[in-house]
Protein chains: 2
Amino acid sequence: MKLLDIGEITERSGVKPSTLRYYEEVGLIQSITRHGLRRQYEPQILTKLSLITLAKAGGFSLTEIAGMFSEKGQLQIPREQIRERADLIDEQIKELTALRDILHHVADCPAPSHMECPSFQRMLKASDRRKPAKKKPPTK
Amino acid sequence: MKLLDIGEITERSGVKPSTLRYYEEVGLIQSITRHGLRRQYEPQILTKLSLITLAKAGGFSLTEIAGMFSEKGQLQIPREQIRERADLIDEQIKELTALRDILHHVADCPAPSHMECPSFQRMLKASDRRKPAKKKPPTK
DNA sequence: ATACGACTTCAAGTCAACTTGAGGTCAAGT
DNA sequence: ACTTGACCTCAAGTTGACTTGAAGTCGTAT
């Protein structure tokens, strides 16, 4: 199976050499051998990089992403964790959807002051329900 | 109209005092006055903080968020920009959806090696179409 | 044989977004 | 009058994810 050198990986994945080296340094990917000094990669690394890029776009940290791969480089997460992550992403999708809807509203609503527009307020409130606990009970 | 002091803002918004001070430092929010040393805020700041929190969750930088507010603290973005932002968010939602679907697949597909599973590959390819341009045309 | 260009290492730098710590101030309760 | 607790300032530190720069090494084309 033919190997690809770092330049080719960069070209085909859009990930810079410096970034690839950094990913290797932190143990996220490995180069399989060297040609002279040049790192050589197995073609599968491209799949892995797609996955990494995608997960980053989803707001996962490199550490979290690293945790999604087993030693052999396979995706290997206990099912339970996968569900958790999927739920997290759903959460995020909802937030983004709320934000988008708010923007649309702002674009279309001719009210001079959105801050006081009731439907604007309503949308914001709806997005607030995932907040840290408030301490004050309605005491008194 | 009664003012809220920083502790109350923290309690009701979930945003830490240090963060509020930081936001003020970078010009994202303002405290309206002081009670002794204590910052006092107008209640509307809570709406603004909701919006900030939401936008942050949407991956916007503080600088970008600051750009969404006019001097008076109102949301004020040219319609064209709003559409752009909304499209950006849609983009992100698509990415997240792809990621979630991949995770679901991984959770359900009993194949030993996802990396080679064709439907896994297909999903990844689908998420790749937003990549930087490749230089190599099929020359030769 | 040599020059070229694409890589290499390693340390240091950068950026955003906060957080922490030391030392200080203030108003309200006892 | 004094203590307390919640705030204050300001500088420095932290984290994550890279990037940059200087100095060096190779394989390949000429």
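Numbers restart at 1 for each chain; the letters A, B, ... are given by sequence-line order, proteins then strands.
The backbone N or O of P43(B) sits nowhere less than 3.5 Å from a side-chain atom of K2(B) that would complete a donor-acceptor pair.
Side chain to side chain, S31(A) and E24(A) meet the donor-acceptor criterion of an N or O pair below 3.5 Å.
Here R38(B) does not reach the OP1 or OP2 of dA27(C): none of its side-chain N or O atoms lies under 4.0 Å away. Phosphate proximity of dA6(C) to H35(A): absent, as no side-chain N or O sits under 4.0 Å from OP1 or OP2.
Between the CZ atom of R34(B) and the P atom of dA27(C) there is a distance of 12 Å, rounded to whole Å. Remark: C1' of dC7(C) and CG of L4(A) are 16 Å apart, rounded to the nearest angstrom. The distance between atom CG of L37(A) and atom P of dG5(C), rounded to the nearest whole Å, is 18 Å. The separation between D5(B) atom CG and dC8(D) atom C1' is 12 Å, rounded to whole Å. Between the CD atom of E24(B) and the C1' atom of dC10(D) there is a distance of 15 Å, given to the nearest Å. Distance CD1 (I29(A)) to C1' (dC18(D)): 14 Å, rounded to an integer number of Å. As a whole-Å value, the separation of L20(A) CG from dA17(D) P is 16 Å.
A salt bridge is defined here as a Lys NZ or Arg NE, NH1 or NH2 lying under 4.0 Å from an Asp or Glu carboxylate O, and D90(B) with R100(A) meets this definition. At a threshold of 4.0 Å, the pair D108(B)-R83(A) counts as salt-bridged, since one of the basic side-chain nitrogens sits closer than that to a carboxylate oxygen.
Position along DNA chain D of the nearest nucleotide to R39(B) versus G36(A) favours R39(B) as the more 5'-ward residue.
Hydrophobic clustering of Ile, Leu, Val, Met, Phe, Trp and Tyr side chains at less than 4.5 Å, counting indirect connections, keeps I77(B) apart from L88(B). Residues I6(B) and L28(B) fall within the same hydrophobic cluster, defined by Ile, Leu, Val, Met, Phe, Trp and Tyr side chains chained together at heavy-atom separations under 4.5 Å.
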List every contact pair, protein side and nucleotides 16-19 of chain C side both N or O, where the distance is under 3.5 Å.
{"unit_1": "dA17(C)", "atom_1": "OP1", "unit_2": "L62(B)", "atom_2": "N", "d": "3.1"}
{"unit_1": "dC18(C)", "atom_1": "OP1", "unit_2": "K56(B)", "atom_2": "NZ", "d": "2.9"}
{"unit_1": "dC18(C)", "atom_1": "OP2", "unit_2": "Y23(B)", "atom_2": "OH", "d": "3.1"}
{"unit_1": "dC18(C)", "atom_1": "OP2", "unit_2": "K56(B)", "atom_2": "NZ", "d": "3.4"}
{"unit_1": "dT19(C)", "atom_1": "OP1", "unit_2": "K16(B)", "atom_2": "NZ", "d": "3.4"}
{"unit_1": "dT19(C)", "atom_1": "OP2", "unit_2": "S18(B)", "atom_2": "OG", "d": "2.8"}
{"unit_1": "dT19(C)", "atom_1": "OP2", "unit_2": "T19(B)", "atom_2": "OG1", "d": "2.6"}

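Across all strands shown, R21(A) has heavy atoms under 4.0 Å from base atoms, whether or not it also approaches the sugar-phosphate.
A search for side-chain hydrogen bond (donor to acceptor under 3.5 Å, both in side chains) contacts involving D101(B) returns nothing, not counting sequence neighbours.
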